*Asks:* 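Just dropping this structure here.
What you see is a predicted model; the values in this text were computed from it and never measured.
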Protein chains: 2
Amino acid sequence: MITLADVAKESHVSTMTVSRVLHHPEQVSDEVRQAVQQAISKLGYKPSRVGQALSQQRQFAIQFLILEDIQQVDPYYAKLLLYIADYLREQGYTLEISHDLTDHSSQVDGTFVSGARQQDLPLLTKSSDPIVSYGQLDQTIKYVDIDNFQGTYQMTHYLAKCGYQNLLYFGLDLNEAFAISREEGYLQAMTELNKMPTIFRIDNTEQTAANLIEQLIITDNSAIVAATDRIAIGALQQLLHLGIKIPADVGVTGFDGVFINQISLQHLTTVQQPLKKIAQSMVELLLGMIEKRPGKSTLIPPQLSIAQTTRALEEK
Amino acid sequence: MITLADVAKESHVSTMTVSRVLHHPEQVSDEVRQAVQQAISKLGYKPSRVGQALSQQRQFAIQFLILEDIQQVDPYYAKLLLYIADYLREQGYTLEISHDLTDHSSQVDGTFVSGARQQDLPLLTKSSDPIVSYGQLDQTIKYVDIDNFQGTYQMTHYLAKCGYQNLLYFGLDLNEAFAISREEGYLQAMTELNKMPTIFRIDNTEQTAANLIEQLIITDNSAIVAATDRIAIGALQQLLHLGIKIPADVGVTGFDGVFINQISLQHLTTVQQPLKKIAQSMVELLLGMIEKRPGKSTLIPPQLSIAQTTRALEEK
DNA sequence: GTGAAAGCGCTAACAC
DNA sequence: GTGTTAGCGCTTTCAC
């Protein structure tokens with residue numbers, strides 16, 4: 001391993017000078033700086049993170065704590081993780097993944113968390129280093145999330161503009177912040193549209209959505225605002241099975257827009273999670289907190305991804 | 001932060017004795033050991049990974065290098081990552097994720113890699129620390145993979161036992177080891193069954209599979225062995241669209257068995273990636289290599305996941 | 001069975 | 001502008 005000392009010897013200066021070239025180059029004379037930089041590239045020197053960590057009492061490591069059950073992990077985590085890893089790397093940080101709350105005492109400068117439940121909160125907040133959650137948790141923990149309310153709100157209005165008259169909400173049977181916000185977005189839009197809301201609450205599976213469709217009489221010119229892509233896909237398949245024309249007779253929209261919306265032959269119109277922006281905000285917020293520049297929880301505006309399960313907009 | 005020295009002071013011994021209690025407890029007298037252990041739990045001491053790393057020249061960190069394009073990342077990576085993280089943690093290692101080959105010089109004891117291409121190999125092998133690949137790459141890099149050949153081989157035989165006469169292979173238009181092995185598994189089974197193989201090679205998308213179905217005349221009593229779940233889902237949907245009865249008239253099987261197979265209302269019969277076992281083998285192999293106990297590349301036996309797109313087995 | 005000293009790679013604080 | 005010193009937390013080596 002090439003160390004600072006090697007570079008120092010090669011360029012006939014002290015280790016401190018080399019260290020300064022790396023961190024405070026303006027404090028070093030041009031001449032020396034160039035010599036040192038040459039030595040660095042000649043030897044292929046890379047600073048040891050461990051050495052830095054020890055002397056600075058910082059790890060330059062961030063942890064992503066995934067608290068969901070391993071069977072339930074949504075397919076989009078991989079993408080979110082990669083985006084976060086990329087942003088962190090730009091800032092000189094490493095991303096560790098972890099799946100266990102007891103592990104949280106692990107040695108990192110900060111933690112991202114997702115899928116935490118009420119009972120996890122005490123353990124989470126016990127730690128002194130900064131935490132940012134993906135998704136709203138409670139008042140004490142900063143979070144970044146898609147603007148769930150805006151997602152269903154905008155989608156409901158959009159469906160009305162497409163000319164669908166009867167707008168049904170297929171929501172989640174969950175007492176979680178995101179589920180409630182999505183339902184409220186739909187409700188608010190329906191109020192503004194002067195329409196009677198119709199809300200069903202079911203599990204997040206294709207099958208329960210299909211079962212629900214079977215039990216209902218879905219009239220032409222209806223549209224289904226689903227709280228997730230999985231629900232939307234289940235509804236879509238059952239509607240097609242019943243011979244209903246999508247999107248001509250009935251429209252279907254989902255929520256999330258990662259993978260699942262692209263599985264069906266008719267790609268799903270959906271509210272897209274802007275994962276890249278979410279990742280960026282999460283990194284900014286957490287690194288800010290680490291550097292004592294506290295920021296605020298952020299809701300990222302959703303993006304409607306218009307595909308093949310909704311009609312074209314009506315011309316005025 | 002609680003350090004070794006704190007524990008040493010608390011229990012009136014030297015830091016070395018505390019260190020020994022942790023790593024070579026048999027070298028310490030019962031009396032002292034118990035006193036030290038009490039002090040450790042009283043103070044809540046956790047060894048600093050950084051301190052250990054620096055003095056042992058080991059990081060206790062493993063990197064997972066995901067070289068796939070971020071848009072292409074398969075949904076099951078999140079699961080694989082979590083399983084690996086869990087196994088590593090049991091062994092006292094941390095998992096970092098990384099998405100950039102230049103980052104590979106990062107400071108870890110070993111690397112898992114997936115999605116590497118030919119052009120990545122030189123950079124990969126340049127590194128001196130051990131590498132284990134998820135999926136076969138070339139002769140020089142150890143890998144763990146599902147036994148792709150066995151997967152399609154067993155599935156093809158299974159379909160024959162279900163009474164399907166005409167077995168078609170919907171393969172991948174890719175010159176990658178896994179794609180070739182899956183095709184060969186089908187071929188071998190067809191040879192043993194004394195049937196003429198029929199192979200199509202397409203992109204890994206639902207749409208191309210659906211298009212292919214449209215162009216073919218699929219007779220009753222056929223079954224489609226697909227190289228991936230996405231291809232299978234595309235074929236399945238188009239067959240249903242054409243009014244063909246699944247699984248009575250035609251059978252469809254996929255490959256991978258993570259998420260996508262459960263999206264359709266009729267869950268897909270598929271060759272399941274045993275991700276948990278794969279993770280375990282990858283961890284064993286890599287940690288073995290790190291500790292100079294070189295192991296061998298491993299093919300994990302696939303598991304057929306029989307669901308609703310294939311008939312019941314014929315009774316003899 | 002236990003302790004003292006030295007060193008892993010790096011940098012902040014203080015000399016010069 | 002540059003070098004010296006000391007110390008971050010831990011373990012290896014060598015004494016005792």
*Asks:* If every non-hydrogen atom of A:I141 is compared with every non-hydrogen atom of A:S297, which pair is closest and at what distance?
*Replies:*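 So the minimum-distance heavy-atom pair works out to O-OG, 4.4 Å.
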*Asks:* Nearest to the side chain of B:Y45, which nucleotide is it out of C:dG9, D:dC10, D:dT2?
*Replies:*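 Nearest to the side chain of B:Y45 among the choices is D:dC10.
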*Asks:* For DNA chain C, whose closest nucleotide is more 5', that of B:H12 or that of A:H23?
*Replies:*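 Comparing both residues, the 5'-ward one is B:H12.
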*Asks:* Side-chain N or O of A:T15 versus OP1/OP2 of D:dG3: is the shortest distance under 4.0 Å?
*Replies:*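 Answer no for this pair, as no side-chain N or O of A:T15 is under 4.0 Å from OP1 or OP2.
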*Asks:* Of A:M16 and A:E26, whose nearest nucleotide on DNA chain D comes first from the 5' end?
*Replies:*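 Its nucleotide being nearer the 5' end, the pick is A:E26.
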*Asks:* What about A:R20, does its side chain sit under 3.5 Å from the base of D:dG3 through a donor-acceptor pair?
*Replies:*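 By the distance-only test, yes, there is a pair.
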*Asks:* Would you find more than 12 non-hydrogen atoms of other residues, nucleotides or ligands less than 6.0 Å from A:E10 atom CD?
*Replies:*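 More than 12 heavy atoms, drawn from other residues, nucleotides or ligands, come within 6.0 Å of this atom.
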*Asks:* Tell me, do A:I97 and A:L81 make a side-chain contact under 4.5 Å, heavy atoms counted?
*Replies:*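 Of all side-chain heavy-atom pairs linking A:L81 with A:I97, at least one is under 4.5 Å.
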*Asks:* With respect to the phosphate group of D:dG7, does any side-chain polar atom (N or O) of A:S55 fall under 4.0 Å of OP1 or OP2?
*Replies:*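 For D:dG7, OP1/OP2 do not have a side-chain N/O of A:S55 under 4.0 Å.
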*Asks:* When you check the gap from the basic side-chain N to the acidic O, do A:R49 and B:E96 get nearer than 4.0 Å?
*Replies:*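 Salt bridge: yes.
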*Asks:* Closer to the 5' end of DNA chain D via nearest nucleotide, is it B:V50 or B:H24?
*Replies:*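 The 5'-side residue here is B:V50.
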*Asks:* Using a cut-off of 4.0 Å on non-hydrogen atoms, how would the nucleic acid contact of B:T3 be classed: base, sugar-phosphate, or nothing?
*Replies:*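 Counting heavy atoms under 4.0 Å across all strands, the contact made by B:T3 is with sugar-phosphate only.
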*Asks:* From CZ of B:R58 over to P of D:dC10, roughly how many Å is that when rounded to an integer?
*Replies:*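 These atoms are roughly 17 Å apart.
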*Asks:* Give me the bend of the helix from C:dG1-D:dC16 to C:dC16-D:dG1, using the axes of the five pairs at each end, rounded to 10°.
*Replies:*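 Comparing the first five pairs with the last five, the axes sit 40° apart.
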*Asks:* Do the ring planes of A:Y134 and A:Y77 sit parallel (below 30°), tilted (30 to 60°) or perpendicular (above 60°)?
*Replies:*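 Geometry flag for A:Y77 against A:Y134: perpendicular rings.
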*Asks:* Tell me, do A:V283 and A:F112 make a side-chain contact under 4.5 Å, heavy atoms counted?
*Replies:*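 A:V283 vs A:F112: side chains touch.
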*Asks:* On DNA chain C, compare the nucleotides closest to B:Q27 and B:L54; which residue's is nearer the 5' end?
*Replies:*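 Nearest-nucleotide comparison on DNA chain C picks B:Q27.
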